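Below is one structure; the comments refer to it alone.
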Amino acid sequence: MNDYVPFQTPNLVWDSTIAIYLFLLGVASGSTLLAVLYKRSRKLVNPSESWIIRSTAVLAPGTVTIGLLLLIFHLTKPWTFWYLMFNYQFDSIMSMGVLLFQVYMAVIFLWIAIIFREWIERLINRFVPALQFVVNLIKTTEKFINPIEIFLLVLAVLLGVYTGFLLSDLISYPMLNTLWLPALFLASGTSSGIAALIVAVLLVGKQSTYSDEVHFLHKWERPTVVFEILMLIGFFTTLYLSGGQKTVSVDNALSGLWGNVFWAGVVGLGILFPLISNLLASAKLKHSKGFMLLLACATLTGVLCLRYFILYAGQMTIY
């Protein structure tokens, strides 16, 4: 195995800014999925009163916007980014990602406008009555809420898997050039979305730990983590059994600093700690706000560690 300096590997193309960017998109994808599923499963009469939906209305577009700003100013010529936004190249995964962001942002803002139409109507009537036509447009699109939500679910899934496809497109790196990454990033992004919503619902919404919203989020935690574990096993097993540089990439990744980040940060803190804590904790402890927030923060940290691990360890070995 070669010696590598952490954060300064010889073949480094993308650095920590991209890791944070991938993490933020995962939160957006996961929170959107859970918010739309919650609204549809509960058939909410007043969805604007739900703290899952209120939190997603801020989290989802907010994290995508911050992620895109990080990406823009990370470019060597950030002021030319507008060219990429209006000149699509259908053979470029980056260009297709920009198109996906634009469609996703348009649809989620439309969905938010429909959900919070009464709030928007009151504000417009009070401050800018001339914009009454906006309310009429929202009322018209409200008739198509079902297909809009189905399309938004599809876009949320595409956003989650896109983060994996973006890395798998780096064909010179054997650890990254695998189709396991999109599914792994979708699973871990959903986990981060659940955790972020739990933090928002409990801290900002001040909801009871026994509330239906918290119960709904918890119901999705375990199957999502199980799916994430299966994707990790499939990811490493496929690479290791492929031989050649793919096997070398696994050996390099799981030793040294990044090996410690994976075993301690991803597996230990992000997966095993929440799972074991939930299994061993008493019923009273499980429903304490501090305990839930601790586990949610551990999950978010674990997902962020996974993004850093995949990005940096994946660039340690080339063909």
Side-chain angles (χ1 to χ4, degrees), residues 24-25 27-73 78-90 94-160 162 193 196-197 200-201 204-205 207 213 216:
L24 291 171
L25 295 190
V27 172
S29 169
S31 60
T32 302
L33 280 172
L34 271 296
V36 177
L37 289 173
Y38 180 71
K39 177 181 176 294
R40 293 177 69 84
S41 66
R42 295 302 192 264
K43 295 179 171 55
L44 301 177
V45 177
N46 296 308
S48 62
E49 296 179 0
S50 163
W51 275 99
I52 287 180
I53 293 174
R54 288 181 178 182
S55 302
T56 299
V58 176
L59 272 176
T63 49
V64 171
T65 301
I66 294 170
L68 281 176
L69 288 174
L70 286 174
L71 182 63
I72 290 170
F73 288 101
W79 305 116
T80 63
F81 187 77
W82 66 268
Y83 183 82
L84 184 61
M85 294 183 67
F86 298 102
N87 293 271
Y88 306 115
Q89 298 179 16
F90 294 97
M94 180 71 78
S95 181
M96 289 298 92
V98 171
L99 177 59
L100 172 61
F101 297 147
Q102 290 174 326
V103 176
Y104 168 81
M105 291 293 274
V107 175
I108 197 165
F109 276 127
L110 177 60
W111 183 69
I112 291 170
I114 292 172
I115 298 295
F116 296 94
R117 178 181 58 77
E118 292 183 358
W119 291 20
I120 295 171
E121 187 172 5
R122 284 197 295 269
L123 289 172
I124 286 177
N125 288 338
R126 181 174 179 182
F127 297 106
V128 277
L131 294 180
Q132 181 61 38
F133 71 93
V134 173
V135 176
N136 296 331
L137 286 174
I138 296 173
K139 288 179 179 178
T140 301
T141 56
E142 196 170 3
K143 301 172 184 177
F144 305 98
I145 186 63
N146 187 58
I148 287 172
E149 287 182 341
I150 292 173
F151 187 39
L152 186 55
L153 284 173
V154 172
L155 289 172
V157 171
L158 290 175
L159 187 66
Y162 166 75
L197 285 175
V201 166
V204 182
Q207 296 294 291
E213 299 197 359
F216 175 82

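This one's a predicted model, so the numbers in the text were calculated from it and none came from an experiment.
- The ring-ring contact (aromatic ring centres under 6.0 Å, His included) analysis of residues 136-158, with sequence neighbours excluded, yields no pairs.
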Identify each donor-acceptor pair in which a side-chain atom of residues 122-137 lies under 3.5 Å from a protein atom, sequence neighbours left out, and give them as a table.
{"unit_1": "N125", "atom_1": "ND2", "unit_2": "E121", "atom_2": "O", "d": "3.2"}

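- Screening residues 145-160 for salt bridge (charged side-chain N to carboxylate O under 4.0 Å, His left out), with sequence neighbours left out, gives K39-E149, R40-E149.
- S29 places no side-chain N or O within 3.5 Å of a backbone atom of L25 that could act as its donor or acceptor partner.
- Scanning for side chain to side chain contact (heavy atoms under 4.5 Å, CB included) contacts around L110 gives I114, T141, I148, with sequence neighbours left out.
- Taking the side chain to side chain contact (heavy atoms under 4.5 Å, CB included) definition, one finds that L37 meets it with L153, F216, W220, sequence neighbours left out.
- Take L100 and apply the side chain to side chain contact (heavy atoms under 4.5 Å, CB included) test, not counting sequence neighbours, and it matches L155, L158, L159, Y162.
- Using a 4.5 Å heavy-atom threshold, the side chains of V204 and V58 count as separate.
- You'll find the side chain of V64 stays beyond 4.5 Å of the side chain of I108, heavy atoms only.
- Annotation: the span from I120 atom CD1 to I138 atom CD1 amounts to 4.0 Å, rounded to 0.5 Å.
- Taking both residues in full, the closest heavy atoms of P61 and I112 are given as CG-CD1, 4.1 Å, listed atom of the first, atom of the second, then distance.
- Scanning all heavy atoms of the two residues, the minimum distance from A35 to I53 falls at O-CG1, 4.2 Å.
- Within the structure, ring-ring contact (aromatic ring centres under 6.0 Å, His included) pairs that include any residue of residues 103-126 comprise F116-W119 (at least two apart or interchain).
- When all heavy atoms are compared, the tightest approach of L59 to V27 is CD2-CG1, 4.5 Å.
- Note on residues 44-72: pairs passing side-chain hydrogen bond (donor to acceptor under 3.5 Å, both in side chains), not counting sequence neighbours, are S50-E213.
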